[in-house]
Amino acid sequence: MSRAPEPANEPILGYAPGSAERRALERELQRWRNRTEDVPLFIGGEALHTRELREIYCPHDHARLLGRHAVAGPVEVERAILAACEARQSWARSGFESRARIFLRAAELASGPYRQRLNAVTMLNQSKTPHQAEIDAACELSDFFRFNVFFAQELAAYQPKSARGEWNSLELRALDGFVYAVSPFNFTAIAGNLPTAPALMGNTVVWKPSPHAVLSAHVVLDVLLQAGLPPGVVNLVLGDAPAITQRVIAHPSFAGLHFTGSSAVLQQLWLQIAQNLPSLASYPRIVAETGGKDFIVAHASADLDALAVAIVRGAFEYQGQKCSAASRIYVARSLWKPLEERLRELVGELKVGDPADFHSFMGAVIGRDAYTRITGYQRLGDEDPSCRALVPVRAEDETGYFVWPTLFEVEDPRHRLMTEEIFGPVASLWVFDDDRYEQALELCDSTSPYALTGAVFARDRAAIALAAQELSHAAGNFYINDKPTGAVVGQQPFGGSRWSGTNDKAGAPYNLLRWTSPRTIKENFDPPRDYRYPYMSGE
């Protein structure tokens with residue numbers, strides 16, 4: 001078998017004033033502003049339009065209609081399942097090299113001619129700034145396609161030992177059924193990876209993207225089709241999530257769930273799948289990444305400026321709508337006063353507004369429900385005398401769903417602001433005495449049910465080693481002197497445990513292995529022709 005090219009991470013473009021990429025992105029943004037996109041379902045290689053339509057709006061300009069999408073009913077869902085089942089055998093038999101070439105082609109399209117299209121729809125539909133869209137929709141998506149091919153190739157290279165006179169081999173078969181991919185709004189790259197990682201390994205997929213990221217899912221699918229993805233391999237359905245999911249996971253051929261979303265939804269799905277087991281043909285694989293209450297612990301020896309920037313970027317980039325966003329911060333008392341002053345200064349400089357205004361550091365939160373939930377936490381902190389707002393608490397929804405960066409100092413390290421997932425630009429800090437660093441680590445480990453990402457800031461190597469030891473199960477992605485966000489495919493495989501998911505590490509071989517059902521094959525070139533063993537002979 002020939003070898004695929006060695007992957008490298010896609011370079012991140014800067015979009016500096018006057019740059020070619022900035023001009024290209026501005027043209028693409030204008031093109032999408034001047035149209036309303038008609039987004040169909042895509043089932044069995046066919047675009048399907050339905051009578052029921054739902055409108056797609058822009059979070060930072062919620063009067064702006066971006067398009068309308070078709071809604072799948074029971075007939076369309078069953079049709080998607082059937083298409084996945086019918087395409088399964090031919091796709092699995094197409095061979096890894098044939099499948100790999102499709103996804104490598106998709107990587108070139110995503111990072112090349114489709115780059116600014118992906119960035120523009122991610123900015124408009126999901127309210128990402130140019131930088132956040134670039135690192136996600138262009139770079140990480142391309143990285144997933146390229147690195148998954150490399151990782152899958154490495155997995156297939158392992159073969160068992162063979163004794164003399166026999167040949168043992170191992171093949172990575174697809175699962176015995178189809179995969180259901182349920183993707184979130186916050187990362188176009190994750191939305192693209194959830195259906196395609198199983199597909200690369202020979203599986204066919206029913207894909208249900210978030211209703212808040214329909215445009216980017218539409219463009220990702222277009223990239224895959226232009227790359228040569230055959231009909232029925234990835235079938236896109238849109239509409240009512242519970243109704244679609246109920247039908248999909250009850251089908252006898254349902255073989256796996258690839259999910260990114262809330263912990264509460266995953267728990268409901270897991271229970272439903274367990275109840276459906278008697279009618280399923282196999283035990284389904286469940287691969288999931290869910291919530292987080294991600295932390296930063298700052299030892300007294302931490303670099304103050306590096307810590308302040310990590311808090312601002314880690315907590316407020318993309319409006320805190322990252323599973324990995326810094327949400328609870330533990331600060332040594334000797335650092336606190338200068339850190340507070342630096343944070344006030346930095347947060348005061350952050351511009352919140354339309355992401356197409358290249359001065360904006362933050363856009364809007366994704367929709368009305370998110371705005372209501374996040375501002376509820378703002379009020380909780382603002383009205384509680386045990387909490388102190390470090391910057392003015394502000395939110396406005398007249399034009400878009402804007403929530404300004406919010407920082408609270410709390411007296412109680414187990415306050416709701418320090419324990420509950422907020423998924424928005426609200427972070428809380430608790431100050432501990434310098435000589436109680438180990439107790440602060442214990443508190444950090446035990447306070448939250450999540451274990452996704454976390455960071456320690458220290459220049460004292462003993463303090464770093466102690467944090468790595470005491471927080472060994474508190475985060476699946478642990479950062480030393482860096483913010484807890486921004487995992488890069490091939491560099492920091494991503495995922496957490498506890499209530500944060502199954503920790504199968506997207507962007508690594510471990511995730512891909514879950515979408516295979518390995519088969520061992522033994523061929524004996526000289527099989528025995530007598531059932532008797534030597535010990536059975538007479539004296």
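Fair warning: this is a prediction, and the values are worked out from it, not measured in the lab. Values below: every heavy atom of this structure, side chains too, minus hydrogens, waters and symmetry copies.
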*Asks:* If the test is side chain to side chain contact (heavy atoms under 4.5 Å, CB included), which one of L194, L269, L257 qualifies with Y180?
*Replies:* L257
*Asks:* Any side-chain donor paired with an acceptor under 3.5 Å for N511 and D504?
*Replies:* no
*Asks:* Donor-acceptor pair, D412 side chain versus S386 backbone, under 3.5 Å?
*Replies:* no
*Asks:* Between R328 (side chain) and S428 (backbone), is there a donor-acceptor pair under 3.5 Å?
*Replies:* no
*Asks:* Dump the intermediate steps for side-chain contact (heavy atoms from CB on, under 4.5 Å) on L339 and I311, then the final yes or no.
*Replies:* CA-CA 10 Å; L339 177 63; I311 291 171; 4.2 Å; yes
*Asks:* Do the side chain of D136 and the main chain of Q132 share a donor and acceptor less than 3.5 angstrom apart?
*Replies:* no
*Asks:* Tell me yes or no: between the side chains of T122 and T188, is some donor less than 3.5 Å from an acceptor?
*Replies:* yes
*Asks:* Given the side-chain rings of Y57 and H62, with only the six-membered ring counted for Trp, is the space between their centroids under 6.0 Å?
*Replies:* no
*Asks:* Between the side chains of W207 and S183, is a donor N or O closer than 3.5 angstrom to an acceptor N or O?
*Replies:* yes
*Asks:* Return yes if a side-chain donor-acceptor contact under 3.5 Å exists between D294 and S327, otherwise no.
*Replies:* no
*Asks:* Looking at I273 and P284, what are the two nearest heavy atoms and their distance?
*Replies:* CG2-CG, 3.8 Å
*Asks:* Scan side-chain atoms only and decide if R414 and S446 contain a donor-acceptor pair under the 3.5 Å cut-off.
*Replies:* yes
*Asks:* Kindly indicate whether a cation-pi arrangement holds for K128 with F187, taking the cut-offs as under 6.0 Å to the six-membered ring centre and within 45° of the axis.
*Replies:* yes
*Asks:* First locate atom OH of Y450, then atom CZ of R498, and finally report the distance between them rounded to the nearest 0.5 Å.
*Replies:* 13.0 Å
*Asks:* For L452, is there any backbone N or O sitting under 3.5 Å from a side-chain donor or acceptor partner on K293?
*Replies:* no
*Asks:* Once you measure the plane-to-plane angle for F150 and F147, does it fall in the parallel (<30°), tilted (30-60°) or perpendicular (>60°) bin?
*Replies:* perpendicular
*Asks:* Go through R368 and D397 one step at a time and tell me if the salt bridge (charged side-chain N to carboxylate O under 4.0 Å, His left out) criterion holds.
*Replies:* CA-CA 9 Å; R368 169 62 62 187; D397 64 349; 2.6 Å; yes
*Asks:* Say whether, by atom type as modelled, one donor and one acceptor occur between the side chain of S360 and the main chain of G363 under 3.5 angstrom.
*Replies:* no
*Asks:* Return yes if some donor-acceptor pair links the side-chain N/O of S500 with the main-chain N/O of G291 below 3.5 Å, else return no.
*Replies:* yes
*Asks:* If you round to the nearest 0.5 Å, how far is CZ of F402 from OG1 of T375?
*Replies:* 14.5 Å
*Asks:* In terms of side-chain geometry, is the basic nitrogen of R416 or D384 positioned less than 4.0 Å from the acidic oxygen of its partner?
*Replies:* no
*Asks:* Does R436, at its CZ atom, have more than 12 non-hydrogen atoms belonging to other residues, nucleotides or ligands within less than 6.0 Å?
*Replies:* no
*Asks:* With side-chain contact (heavy atoms from CB on, under 4.5 Å) as the criterion, how do V297 and C444 come out once you've worked through the C-alpha distance, each side chain's angles and the decisive distance to 0.1 Å?
*Replies:* CA-CA 8 Å; V297 178; C444 178; 4.0 Å; yes
*Asks:* Pick from V489, L141, N148: which one makes a side chain to side chain contact (heavy atoms under 4.5 Å, CB included) with N193?
*Replies:* N148
*Asks:* Report yes or no: do S324 and T453 form a side-chain donor-acceptor pair below 3.5 Å?
*Replies:* no
*Asks:* Between R313 and T485, is any pair of side-chain heavy atoms under 4.5 Å apart?
*Replies:* no
*Asks:* Q126 and N186: side-chain donor and acceptor closer than 3.5 Å?
*Replies:* no
*Asks:* Checking side-chain polar atoms at under 3.5 Å, does Y377 have a donor or acceptor matched by the opposite partner on E420?
*Replies:* yes
*Asks:* Under the side-chain contact (heavy atoms from CB on, under 4.5 Å) criterion, do K505 and N477 qualify, and how do the steps go?
*Replies:* CA-CA 10 Å; K505 295 300 185 193; N477 281 56; 3.1 Å; yes
*Asks:* Show the nearest heavy-atom pair for residues H473 and A451, with the distance to one decimal.
*Replies:* O-CB, 3.4 Å
*Asks:* When you look at CG of D305, are more than 12 heavy atoms from neighbouring residues, nucleotides or ligands closer to it than 6.0 Å?
*Replies:* yes
*Asks:* Does the plane of the ring in H299 sit parallel, tilted or perpendicular to the ring in Y437? Use 30° and 60° as the thresholds.
*Replies:* perpendicular
*Asks:* Examine distances only and state if a side-chain atom of R373 and a backbone atom of I422 form a donor-acceptor pair shorter than 3.5 Å.
*Replies:* yes
*Asks:* The test is salt bridge (charged side-chain N to carboxylate O under 4.0 Å, His left out); show your working for R115 and E134 and say whether it passes.
*Replies:* CA-CA 8 Å; R115 189 185 202 109; E134 168 74 7; 2.5 Å; yes
*Asks:* Return yes when atom CZ of F358 has more than 12 non-hydrogen atoms of other residues, nucleotides or ligands closer than 6.0 Å, and no otherwise.
*Replies:* yes
*Asks:* Quick one: does T406's side chain have a donor or acceptor within less than 3.5 Å of a partner on V426's backbone?
*Replies:* no
*Asks:* Quick one: are the ring centres of W430 and H415 less than 6.0 Å apart?
*Replies:* no
*Asks:* Is the closest side-chain heavy-atom distance between L466 and L441 below 4.5 Å?
*Replies:* yes
*Asks:* Determine whether the side chains of Y15 and N119 contain a donor N or O and an acceptor N or O closer than 3.5 Å.
*Replies:* yes
*Asks:* Answer yes or no: are there more than 12 heavy-atom neighbours, outside Q492 itself, under 6.0 Å from its atom CD?
*Replies:* yes
*Asks:* I need the minimum non-hydrogen distance between A364 and P59, along with the two atoms involved.
*Replies:* CB-O, 3.5 Å
*Asks:* Is the backbone N or O of R388 less than 3.5 Å from a side-chain atom of E409, with the two atoms forming a donor-acceptor pair by type?
*Replies:* no
*Asks:* Check the pair R146 / E10 against salt bridge (charged side-chain N to carboxylate O under 4.0 Å, His left out), numbers first and verdict last.
*Replies:* CA-CA 10 Å; R146 294 189 182 109; E10 179 65 26; 3.1 Å; yes
*Asks:* Heavy-atom count check: over 12 atoms from other residues, nucleotides or ligands less than 6.0 Å from E398 CD?
*Replies:* no
*Asks:* Return the set of residues passing side chain to side chain donor-acceptor pair (under 3.5 Å) with R333 (not counting sequence neighbours), or none when no residue passes.
*Replies:* D433
*Asks:* Please walk me through it: do L471 and F295 pass side-chain contact (heavy atoms from CB on, under 4.5 Å)?
*Replies:* CA-CA 11 Å; L471 302 175; F295 61 83; 3.6 Å; yes
*Asks:* What is the ring orientation for F185 with H212, classed by angle as parallel under 30°, tilted 30 to 60°, or perpendicular over 60°?
*Replies:* perpendicular
*Asks:* For the pair E383 and R379, find out whether any cationic side-chain nitrogen is under 4.0 Å from an anionic carboxylate oxygen.
*Replies:* no
*Asks:* Quick one: do R342 and E340 make a salt bridge, cutoff under 4.0 Å?
*Replies:* no
*Asks:* Within a 6.0 Å radius of atom CD on Q159, are there more than 12 heavy atoms belonging to other residues, nucleotides or ligands?
*Replies:* yes
*Asks:* Where the side chain of Q378 meets the backbone of R394, is there a donor-acceptor pair that is under 3.5 Å apart?
*Replies:* yes
